[in-house]
Visitor: 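Quick one: this structure, given as structure tokens, is what I'll be asking you about.
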Amino acid sequence: MLQWGKVYIPRRELCLANVLQAGQAFRWILNEKTEEYSTTMKIANSPDYSIVMLRQHDDSFIEILGQEPWETLVSFICSTNNNISRITKMCHALCTNYGKMIGNLGSTEYYSFPSSEDLVENATEHELRELGFGYRAKYIIDTASKMVEDKKHYDNCSDTEFLTKLAKSNDYDGLREQLMSYSGIGPKVADCICLMGMKKDEVVPVDVHVARIAERDYKIRATNTDLLKLKELYKEQPITRKKVNLQLDFIRRKLHTQWGSYAGWAQGILFFREVGGTSGANTTGKIKKRKNEEESVKVEVNEQEHNDIIHKTKRSRVKSEQTN
DNA sequence: GAGATACCTGACCT
DNA sequence: AAGGTCAGGTATC
């Protein structure tokens with residue numbers, strides 16, 4: 001069954017290319033002729049995958065992304081020390097090799113994102129390396145295996161259901177501790193999963209770029225006393241204690257305090273401005289580089305501007321929740 | 001226990 | 001044309 005719906009949002013408030021090809025998501029395919037984006041995903045509470053297409057008219061618009069926890073988790077394991085076009089390629093490789101065929105539209109075949117069971121049953125580290133995953137191959141196999149094990153305590157639930165339960169039964173610190181128990185998930189990846197896969201809008205994933213912005217534009221820098229306090233805070237969390245970088249963690253906390261409950265999305269916008277260009281998949285199967293649709297200009301950001309960004313982000317987020 | 005170092009790959013640059 | 005650098009980090013020593 002093919003259905004189109006309309007959601008109106010001005011392009012200046014949300015540009016599909018800037019959301020779907022900017023390093024949040026890696027599995028949207030752009031048909032350059034029709035300018036439609038497509039992917040497979042679970043809709044609402046359905047356990048099955050559907051093909052989803054999005055088209056942006058000059059005056060139209062969609063919502064900010066809230067992705068599947070499991071797919072987000074695996075995608076961001078792939079993201080470490082890597083570039084967007086290769087991450088995109090890897091995510092598609094996972095689907096076409098280990099996912100299930102959902103159907104095809106035109107000449108494009110659509111696959112589901114593989115579950116942890118799919119990966120444990122069919123994938124090996126060696127094979128993933130041959131597919132170009134590099135050292136992340138081991139992380140993915142180890143993580144999928146542990147996920148299958150962990151889920152045995154929760155009868156027959158999906159990866160996403162399991163992760164959603166984790167999110168519900170833990171506070172942020174506890175959830176992060178759980179996420180970082182998997183191979184290949186450190187503080188940055190865990191925070192990306194929280195923000196983009198678990199709707200924790202306040203979480204700011206701190207990477208080299210965000211750290212630079214924070215230090216350069218906000219003069220945020222932890223003192224020794226600050227670091228000692230944080231260390232004390234994590235003494236009951238062995239994994240966090242081991243994996244976290246206290247200096248970056250201080251920045252994360254400070255940005256949350258300063259930017260409030262939608263800090264993560266404000267960060268996304270600032271990151272986009274800082275780094276600019278990106279890439280994505282299209283129906284030819286080629287992964288292309290693309291440029292930021294706006295001018296990629298480095299600017300001195302001031303407080304008023306940041307407030308505007310956060311306000312705008314929050315408004316979009318609230319609107320998207322109303323349409324759900 | 002903080003801090004340096006290795007790690008796959010491929011696009012881009014010199 | 002071969003060689004270096006970089007990409008939204010993590011694991012390991």
Visitor: Please tell me if A/K231 has a side-chain N or O lying less than 4.0 Å from either OP1 or OP2 of B/dA2.
Guide: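 Yes, A/K231 has a side-chain N/O under 4.0 Å of OP1/OP2 on B/dA2.
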Visitor: Just how far is it from atom NZ of A/K165 to atom CD of A/E161, taken to the nearest 0.5 Å?
Guide: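 Going from NZ on A/K165 over to CD on A/E161, the span is 6.5 Å.
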Visitor: Taking for each residue the nucleotide of DNA chain C bearing the nearest heavy atom, is the 5' side occupied by A/K242 or by A/N82?
Guide: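 The residue mapped nearer the 5' terminus is A/N82.
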Visitor: Using the P atom in both, what is the distance from C/dG4 to B/dA6, to the nearest Å?
Guide: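 Going atom to atom, P in each nucleotide, I get 15 Å.
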Visitor: Looking only at the side chains, is there a donor atom on one of A/E68 and A/Y49 sitting less than 3.5 Å from an acceptor on the other?
Guide: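 Their side chains do contain a donor-acceptor pair, which is all the 3.5 Å distance test asks for.
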Visitor: Give one of base, sugar-phosphate or nothing for A/R136, where a contact means two heavy atoms less than 4.0 Å apart.
Guide: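 Contact class for A/R136: base.
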Visitor: Between P on B/dA2 and CG on A/D226, what's the gap in Å once rounded to a whole number?
Guide: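 From A/D226 CG to B/dA2 P: 15 Å.
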Visitor: Return the SG to CG distance between A/C194 and A/L179, rounded to the nearest 0.5 Å.
Guide: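 The CG atom of A/L179 is 5.5 Å from SG of A/C194, to the nearest 0.5 Å.
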Visitor: Could you go through A/D142 and A/K146, starting from their C-alpha distance and side-chain angles, then the distance that decides it, and tell me whether this counts as salt bridge (charged side-chain N to carboxylate O under 4.0 Å, His left out)?
Guide: CA-CA 6 Å; A/D142 288 351; A/K146 182 170 190 295; over 6 Å; no
Visitor: Apply the side chain to side chain contact (heavy atoms under 4.5 Å, CB included) test between A/Q237 and each candidate in A/L233, A/T240, A/I239; give the one that qualifies.
Guide: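 Checked A/L233, A/T240, A/I239 against A/Q237; only one passes side chain to side chain contact (heavy atoms under 4.5 Å, CB included): A/T240.
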Visitor: Can you tell me how far C1' of C/dG8 sits from CE of A/M196, to the nearest Å?
Guide: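 Atom CE in A/M196 sits about 9 Å away from atom C1' in C/dG8.
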Visitor: A/L230 has an atom CG; how far is it from atom C1' of B/dA2, in whole Å?
Guide: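 To the nearest whole Å, that distance equals 15 Å.
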Visitor: Rounded to whole angstrom, note down the C1' distance from C/dT5 over to B/dC8.
Guide: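 Between the two C1' atoms, the distance is 15 Å.
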Visitor: Can a side chain N or O of A/R86 be found less than 4.0 Å away from OP1 or OP2 on B/dA11?
Guide: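 No.
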Visitor: Rounded to the nearest Å, what distance is computed from the CG atom of residue A/L228 to the C1' atom of nucleotide B/dA2?
Guide: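 In whole Å, B/dA2 C1' lies 12 Å from A/L228 CG.
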Visitor: Quick one: A/H209 NE2 to C/dC6 P, roughly how many Å, whole number?
Guide: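 Between P of C/dC6 and NE2 of A/H209: 12 Å.
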Visitor: Could you point out which residue of A/P69, A/S116, A/C157 forms a side chain to side chain contact (heavy atoms under 4.5 Å, CB included) with A/F162?
Guide: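 Output: one option passes, namely A/C157.
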Visitor: What would the secondary structure line of DNA chain B be in dot-bracket form, counting Watson-Crick and G-U wobble pairs under 3.5 Å, with [ ] for pairs that cross earlier ones and | for pairs with another strand?
Guide: ..|||||.||||||
Visitor: Nearest whole angstrom, please: distance from the C1' of C/dA11 to the CG of A/N81.
Guide: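 Going from CG in A/N81 over to C1' in C/dA11 covers 12 Å.
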Visitor: Please list, for nucleotides 3-5 of chain C, all pairs of protein and nucleotide N/O atoms separated by less than 3.5 Å.
Guide:
none

Visitor: Is there a side-chain contact between A/K243 and the phosphate of C/dA11, meaning an N or O under 4.0 Å from OP1 or OP2?
Guide: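 Checking C/dA11 against A/K243, a side-chain N or O does come within under 4.0 Å of OP1 or OP2.
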Visitor: Could you give the CZ-to-P distance, from A/R212 to C/dA7, as a whole number of Å?
Guide: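 About 8 Å, once rounded to whole Å.
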Visitor: Quickly work out the A/R252 CZ to C/dG9 C1' distance and round it to whole Å.
Guide: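 To the nearest whole Å, that distance equals 16 Å.
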Visitor: Answer yes if the side chains of A/S75 and A/R27 hold a donor-acceptor pair under 3.5 Å, and no otherwise.
Guide: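 There is no such pair (donor and acceptor under 3.5 Å, judged by atom type) between the side chains of A/S75 and A/R27.
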Visitor: If you round to the nearest 0.5 Å, how far is CD of A/Q247 from CZ of A/R221?
Guide: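 Output value for this atom pair is 6.0 Å.
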Visitor: Can you list, in residue-number order, the parts of residues 180-191 of chain A that come under 4.0 Å of DNA chain B, counting heavy atoms only?
Guide: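 Contacts with DNA chain B under 4.0 Å: none.
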Visitor: Taking the C1' atom in each of B/dA2 and C/dT10, what is the distance between them to the nearest angstrom?
Guide: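 The same atom, C1', in both gives a distance of 16 Å.
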